[in-house]
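Encoded as C-alpha cells, the structure appears first; notes follow it.
Order of the sequence lines fixes the chain letters, A, B, ..., with proteins taken first and strands second; residue numbering starts at 1 for each chain. The shown structure was predicted, so the numbers you read here are calculated from the model rather than taken from an experiment.
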Number of protein chains: 2
Amino acid sequence: MRADAERNRMRVLRAAEELFAAKGAPNVTMEDISRAAGVGRGTLYRRYPDRASIAVALLDEHERALQERLLRGDPPLGPGAPPGERLAAFYAAMVRLLEDHSHLVLGAETGRSRFETGAYGFWRAHVRALLTAAAHPAPDALVEPLLAPLAPDVYAYQRDDRGLTPAQITTALAHLARRVTG
Amino acid sequence: MRADAERNRMRVLRAAEELFAAKGAPNVTMEDISRAAGVGRGTLYRRYPDRASIAVALLDEHERALQERLLRGDPPLGPGAPPGERLAAFYAAMVRLLEDHSHLVLGAETGRSRFETGAYGFWRAHVRALLTAAAHPAPDALVEPLLAPLAPDVYAYQRDDRGLTPAQITTALAHLARRVTG
DNA sequence: CGATAAGTGGACGTTGTGTCCACTTATGTT
DNA sequence: AACATAAGTGGACACAACGTCCACTTATCG
C-alpha cells in the first residue's frame, strides 16, 4: 500500500462520516463523498464499491471494541454471568451502539446486506452461544428472531416514530432476554 | 373512477405480479411494469408512485383475509384462546403468508416504509392487545421487538441463507410467543 | 351530441451509478 | 541520481432508472 493511498483512505472516511452525520446517509451520494474528500470518483470506487461499504468501514472500530468486551470483558457483558443476564447486557450495549451511531448504521445496512457483514456474524455466534449455554432446544432458529429487534430500521422506528427512549427499549429487551433464556 | 382506469389498474397489478415472481421484485423497473401492462409511464405513476406501493396493493387482499381471521376467526388465531397461544398462532399465520408471497413482500417493504403500511399498523395493534391481555408491564416497548422477526428480509435470510424450514421458524416463534407472554 | 373532466402515454430532463483509460507518482533497483 | 514499473488517481463518459409534464384521447353526463 502506497502512503498516498492510505492518506486518501482516511480522507474518504473522514469526509463520509461528516456527510453522513450532516445530511443522513441515504442522501449522500458517492459524488458528494469523493468531492468532499478531494478525491476522484475512480479512486473512491477503487476501495469502496458502494455507500454501504463505507459505512461498514466506519462502524468497524466501534463494533470491534464491543466484540472485545463480549469476549474478554467483565460480567455481565463478558463471560461469567448467567446467559440471560449476558444477553440483556448485550442488548443494552447494542442499544448504546445504535444510539451513538444511528446515522451511520442506518445508511449502512440496507436490506439483506446487513446479514453479510462480519459484525452480524459475530453477534450471531455470540447470541447462539448464549442460547446454547441456556440449554435451549433449537438455538439456530431463535438467533435471528432475537437479533431482529436490533435492526437499524426497527430501532429508528421505535425511537423516532413511536417516541420510545433508549432506556425504555433497553428495559423491554432485557425483559425479553430474561424471559427467553429463563 | 372511469371504467378504463379500473381496467388498467388490474392490468398493472397482474403484470407486476408476474414480473415480481419471474425476476424478483428489486429487479423490476417501473418501465418494465408499464410496458408489460401495455400502459404508459405517466398512467402507472398516476396511481402508484413507486414499486413498493404496487407490492403493497398486491399483498393487500391476502393480508385482509388474515386480519379478518384475527378479529373474528376461530381460536387460537381468533379470540378465545390465551394470549400466548394466539400470539403463536399469529406467528404461524404470518410465516405462512411470508412463505406464500415472499417474492412480493421482499421488494415491497424496503427499509422504514414497511412500518407505514396499514397492515403493519394492524399487526402492531393486534400484538399490543395480546401483550396487554397477558398483563405485560410495558406492551409498547415490546411490540416492535416481537414483530421484528417477521421482517421480510429476516425471514428470507433465515430461510435462504441459514437453511431453516418454515416449520422450524414457526416452532421457534411459537416458543418465543409462549415464553414472552408466560 | 357536445362539453368537460378524467385518464393516458411517451418524450424529456435530471440524477446517480459505475467503468474506463490516459496520466501521475511512490517506490526500489542499478 | 536517474530510471523502470506498478500502483494509484481523477474526471469524462455511457448508461439506467426516475419522476414530471403536457398535448391528446375518451368515458360520462346533461
Between [atom2] of [N] and [atom1] of [X], the distance in whole Å:
| X | N | atom1 | atom2 | value |
| --- | --- | --- | --- | --- |
| B:Glu6 | C:dA6 | CD | P | 17 Å |
| A:Leu44 | C:dG16 | CG | P | 15 Å |
| A:Ile54 | C:dT17 | CD1 | C1' | 13 Å |
| B:Arg7 | D:dT28 | CZ | P | 11 Å |
| A:Arg46 | C:dC21 | CZ | P | 14 Å |
| A:Arg47 | C:dT19 | CZ | P | 16 Å |

>> Stem finding on DNA chain C, please: runs of three or more consecutive Watson-Crick or G-U wobble pairs, both distances under 3.5 Å, sorted by first number.
In response: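 Detected stem regions: C:1-30 with D:1-30.
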What distance do [X] atom [atom1] and [Y] atom [atom2] have between them, rounded to the nearest 0.5 Å?
| X | Y | atom1 | atom2 | result |
| --- | --- | --- | --- | --- |
| A:Leu147 | A:His126 | CG | NE2 | 10.0 Å |
| A:His175 | A:Thr171 | NE2 | OG1 | 10.5 Å |
| A:Met30 | A:Asp50 | CE | CG | 6.0 Å |

> Does B:Arg178 use its side chain to pair, donor to acceptor, with the backbone of B:Ala88 at less than 3.5 Å?
Replying inline: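 Flag not set: sc B:Arg178 to bb B:Ala88 has no pair under 3.5 Å.
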> How far apart are the closest heavy atoms of B:Ala37 and B:Arg11, and which atoms are they?
Replying inline: O-NE, 3.5 Å
> Should A:Glu68 and A:Arg64 count as an ion pair when the cut-off is N to O under 4.0 Å?
Replying inline: no
Atom pairs and distances, donor-acceptor, side-chain atoms in residues 129-145 of chain A, under 3.5 Å, two or more places apart:
{"unit_1": "A:Thr132", "atom_1": "OG1", "unit_2": "A:Arg128", "atom_2": "O", "d": "2.9"}
{"unit_1": "A:His136", "atom_1": "NE2", "unit_2": "A:Val180", "atom_2": "O", "d": "2.7"}
{"unit_1": "A:Asp140", "atom_1": "OD1", "unit_2": "A:Arg128", "atom_2": "NE", "d": "2.6"}
{"unit_1": "A:Asp140", "atom_1": "OD2", "unit_2": "A:Arg128", "atom_2": "NH2", "d": "3.2"}
{"unit_1": "A:Glu144", "atom_1": "OE1", "unit_2": "A:Arg124", "atom_2": "NH2", "d": "3.3"}
{"unit_1": "A:Glu144", "atom_1": "OE2", "unit_2": "A:Tyr120", "atom_2": "OH", "d": "3.2"}
{"unit_1": "A:Glu144", "atom_1": "OE2", "unit_2": "A:Arg124", "atom_2": "NE", "d": "2.7"}

Using a cutoff of under 3.5 Å, can you pull out all pairs of nitrogen or oxygen atoms linking the protein to nucleotides 23-27 of chain D, with atom names and distances?
{"unit_1": "D:dT26", "atom_1": "O2", "unit_2": "B:Arg2", "atom_2": "NH1", "d": "3.0"}

> Under 4.0 Å: is that the gap between some side-chain N or O of B:Asn8 and OP1 or OP2 of C:dT8?
Replying inline: yes
> Is A:Thr43 near enough to D:dG10 that one of its side-chain N or O atoms lies under 4.0 angstrom from OP1 or OP2?
Replying inline: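 For A:Thr43, the contact criterion (side-chain N or O under 4.0 Å from OP1 or OP2 of D:dG10) is met.
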>> Quick check on B:Arg96: does its CZ atom have over 12 non-hydrogen neighbours (other residues, nucleotides or ligands) under 6.0 Å away?
In response: no
> Sequence neighbours excluded, which residues qualify as side chain to side chain contact (heavy atoms under 4.5 Å, CB included) partners of A:Glu31?
Replying inline: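 Checked A:Glu31 against side chain to side chain contact (heavy atoms under 4.5 Å, CB included); matches are A:Thr29, A:Arg35, A:Arg41.
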>> With nearest nucleotide decided by heavy atoms, which residue, B:Gly42 or A:Gly42, maps closer to the 5′ end of DNA chain D?
In response: A:Gly42
> Is there side-chain contact between A:Trp123 and A:Leu150, with at least one heavy-atom pair below 4.5 Å?
Replying inline: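 Not in contact.
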>> What does the B/S/- profile of nucleotides 14-19 of chain D look like, 5' to 3', with a 4.0 Å heavy-atom cutoff to protein?
In response: ---SBB
> Applying salt bridge (Lys or Arg N to Asp or Glu O under 4.0 Å), which residue pairs with at least one partner in residues 13-30 of chain A are found, sequence neighbours left out?
Replying inline: A:Lys23-A:Asp32
